[in-house]
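Just so we're on the same page: letters track the sequence lines, and every chain starts at 1.
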Protein chains: 2
Amino acid sequence: MQATGAVEDYLKIIYHLVTKGEPATTSTIARRLGVSSPSVSAMVKRLEAGALVERSGEGGLALTSGGKAEALRVVRRHRLLETFLAEVVGVPWDEVHEEAEVLEHALSDRLEQRIDALLGHPVRDPHGDPIPPRTGPHDERWADPLTAAPTGSRFRIERVSDRDPDALRYLAGIGLRPGVHVDVGARTPFGGPLWVTVDGTEHALGLPLTDLLHGAVVGTRP
Amino acid sequence: MQATGAVEDYLKIIYHLVTKGEPATTSTIARRLGVSSPSVSAMVKRLEAGALVERSGEGGLALTSGGKAEALRVVRRHRLLETFLAEVVGVPWDEVHEEAEVLEHALSDRLEQRIDALLGHPVRDPHGDPIPPRTGPHDERWADPLTAAPTGSRFRIERVSDRDPDALRYLAGIGLRPGVHVDVGARTPFGGPLWVTVDGTEHALGLPLTDLLHGAVVGTRP
DNA sequence: CGGTGTTGTTAGTCGAGGCTAATATTCGCA
DNA sequence: TGCGAATATTAGCCTCGACTAACAACACCG
């Protein structure tokens, strides 16, 4: 089957859903893609006919090996482009995702390889997401969410979800980027903010923000 | 009307045809685009409905002011991308056109401006083609063809048509790029090759090649 | 003068990718 | 138990952008 831009988008979001353990259903896909449910039904039928997805045991869809390979190619182009735009073109952190979202469908193999070489074969994009290799295995495992870190622990940020430019701008403003360490403070009950210390300054982060942050506990507050 | 990738392609080639003084007719467009005549008829109808093109006096189509503005935006993105790919990414001369042909439809305004600034607001792309400004007038005038230069004259290459990668590779191989000077030698009759001296070496160029070269006579052979 | 291209259009079809409206199913809950 | 909300699919329609087949108009040429 022909991998048009639309097909690539569907495969990509199915890939994202399944690797996060969320069910890839008609409605979740429709919401994420801003498209009606019947449109998703129709496209899924085409994807099944093209042997790119299949119905999987419980409730959702799964990618076939061919579908996963195609999805990984798109994800690779996306993350390479984000890295390229940030490092070479100087596009700010919060804008690279949107630009890559469009360009990823127009990047040739040849140019992808040139960019990859120019960047020195990077393995992470600016948000800390791993860049799938052109061939060979890829590990998409998400680190633990910041919300899982106990009070008093020291936490290393590894990945910051790239979907919300405003949130990204705010996080960058307070110094929250992949690689930095934060001290996890008090957790306000009933969905209240989580207090974290970054660079010596305390910040209260609401759930929408902490949800974007993943990493690992690396000890306790010194 | 919505400027899809297809619409942009049509406007661009109509622009190229009219600026070269060739008639923009159904069949020339169809040939250049590798598409059937009825497809062109249908698209032209849409473009007319969208006030982007109109029937012009003799035989062909013309761009309206809106259509020309849109075409110039595409041409600008194309040539900026060619320049960017060549200078920043290191894509070889003969490949930049093909890559830009696809990327031009996916380049946002925002990114276009960043690239323009990064390159220092270039006015010519790697083939010597002028880059239309974002706003304001643009002069697309083609210099004289090399075939018009008299024997014994010295000729400065200004533009090299970018359509044929093989030809470009060959021309680059013998040092024929925009900016270089050549000495025009004997013209073999009956469509035979034209002898030119580049960098001290004589080359016989067939009509398909000389057709790609434009510039200006700058004196006589020293 | 009559064929033979070339050119352009109309008519009809197709696939991709979207939409709304209507129709099951199923699930949670009063 | 039964009602409403969420979920998925079907049916039917639309636009875009391509295609082939057929036809009209014209030009050139023997």
Side-chain angles (χ1 to χ4, degrees), chain A residues 1-15 17-18 21-63 66-67 70-71 74 101-102 104-106, chain B residues 1-15 17-18 21-63 66-67 70-71 74 101-102 104-106:
Chain A
M1 123 173 269
Q2 186 58 17
T4 63
V7 166
E8 290 178 347
D9 281 337
Y10 277 86
L11 293 177
K12 200 178 52 165
I13 90 118
I14 295 172
Y15 175 79
L17 288 170
V18 304
E22 298 172 29
T25 64
T26 304
S27 45
T28 56
I29 296 171
R31 266 191 295 273
R32 289 279 286 264
L33 229 46
V35 134
S36 74
S37 300
S39 299
V40 177
S41 275
M43 176 59 94
V44 166
K45 203 175 293 178
R46 285 195 288 272
L47 296 177
E48 281 185 286
L52 293 172
V53 310
E54 57 197 4
R55 312 274 162 179
S56 92
E58 205 35 60
L61 297 164
L63 294 170
E70 190 59 42
V74 183
E101 201 67 16
V102 184
E104 66 189 8
H105 305 300
Chain B
M1 120 173 270
Q2 184 59 18
T4 64
V7 166
E8 291 178 347
D9 280 337
Y10 277 87
L11 292 176
K12 200 177 52 164
I13 90 118
I14 295 171
Y15 175 78
L17 288 170
V18 305
E22 299 172 28
T25 64
T26 304
S27 45
T28 56
I29 296 171
R31 266 191 297 272
R32 287 279 287 262
L33 229 47
V35 134
S36 73
S37 300
S39 299
V40 177
S41 273
M43 176 59 94
V44 165
K45 205 175 290 178
R46 286 195 289 271
L47 295 177
E48 280 185 286
L52 294 172
V53 309
E54 58 197 4
R55 312 271 164 179
S56 91
E58 204 37 58
L61 298 163
L63 294 170
E70 189 60 39
V74 184
E101 200 69 16
V102 182
E104 66 189 8
H105 305 299

**Q** From the set C/dT10, C/dG17, C/dT7, return the single nucleotide nearest to any side-chain atom of B/Lys45.
**A** C/dT10

**Q** Once side-chain hydrogen bond (donor to acceptor under 3.5 Å, both in side chains) is applied, do any residues pair with B/Ser27, and if so which ones, sequence neighbours excluded?
**A** B/Thr25

**Q** Could you walk me through whether B/Leu11 and B/Val74 pass the side chain to side chain contact (heavy atoms under 4.5 Å, CB included) check?
**A** CA-CA 9 Å; B/Leu11 292 176; B/Val74 184; 5.9 Å; no

**Q** Measure from the side chain of A/Thr25, starting at C-beta and using heavy atoms only, and say which of D/dT9, D/dA8, D/dC16 lies closest.
**A** D/dA8

**Q** Check whether any side-chain N or O of B/Ser41 sits under 4.0 Å from OP1 or OP2 of C/dT10, and answer yes or no.
**A** no

**Q** Can you tell me if the side-chain N/O atoms of B/Ser27 get under 4.0 Å from OP1 or OP2 in C/dT6?
**A** no

**Q** May I have the distance from A/Leu11 (atom CG) to C/dG17 (atom C1'), rounded to whole angstrom?
**A** 15 Å

**Q** Write down the distance between CG (A/Leu47) and P (C/dG15), rounded to a whole number of angstrom.
**A** 17 Å

**Q** Using residues 37-52 of chain A as the side-chain source, report each donor-acceptor pair under 3.5 Å to any protein atom, sequence neighbours left out, with the distance given to one decimal.
**A**
| unit_1 | atom_1 | unit_2 | atom_2 | d |
| --- | --- | --- | --- | --- |
| A/Ser39 | OG | A/Ser36 | OG | 3.0 |
| A/Glu48 | OE1 | A/Arg55 | NE | 3.4 |
| A/Glu48 | OE1 | A/Arg55 | NH2 | 2.9 |
| A/Glu48 | OE2 | A/Arg55 | NE | 3.2 |

**Q** Expressed as a whole number of angstroms, how long is the span from B/Ile29:CD1 to C/dT9:C1'?
**A** 14 Å

**Q** Round to a whole Å and report the spacing from CD of A/Gln2 to C1' of D/dG17.
**A** 15 Å

**Q** Return the value, rounded to whole Å, for the distance between atom CZ of A/Arg55 and atom P of D/dT9.
**A** 5 Å

**Q** I want to check one thing: is the phosphate of C/dT7, taken as OP1 and OP2, less than 4.0 Å away from some side-chain N or O of B/Arg31?
**A** yes

**Q** Output the distance between atom CZ (B/Arg32) and atom CD (B/Glu22), rounded to the nearest 0.5 Å.
**A** 6.5 Å

**Q** Check nucleotides 18-21 of chain D against the protein and report each pair of N or O atoms closer than 3.5 Å, with its distance, or say if there are none.
**A**
| unit_1 | atom_1 | unit_2 | atom_2 | d |
| --- | --- | --- | --- | --- |
| D/dA18 | OP2 | B/Tyr10 | OH | 3.2 |
| D/dC19 | OP2 | B/Ser36 | N | 2.8 |
| D/dC19 | OP2 | B/Ser36 | OG | 2.8 |
| D/dC19 | OP2 | B/Ser39 | OG | 2.6 |

**Q** Tell me which pairs pass side-chain hydrogen bond (donor to acceptor under 3.5 Å, both in side chains) where either residue lies in residues 5-14 of chain A, with sequence neighbours left out.
**A** A/Glu8-A/Arg77, A/Glu8-A/His105, A/Asp9-A/His105, A/Lys12-A/Glu101, A/Lys12-A/Glu104

**Q** List in chain and number order the residues that pass side-chain hydrogen bond (donor to acceptor under 3.5 Å, both in side chains) with A/Arg31, two or more places apart in sequence or in another chain; answer none if no residue qualifies.
**A** none

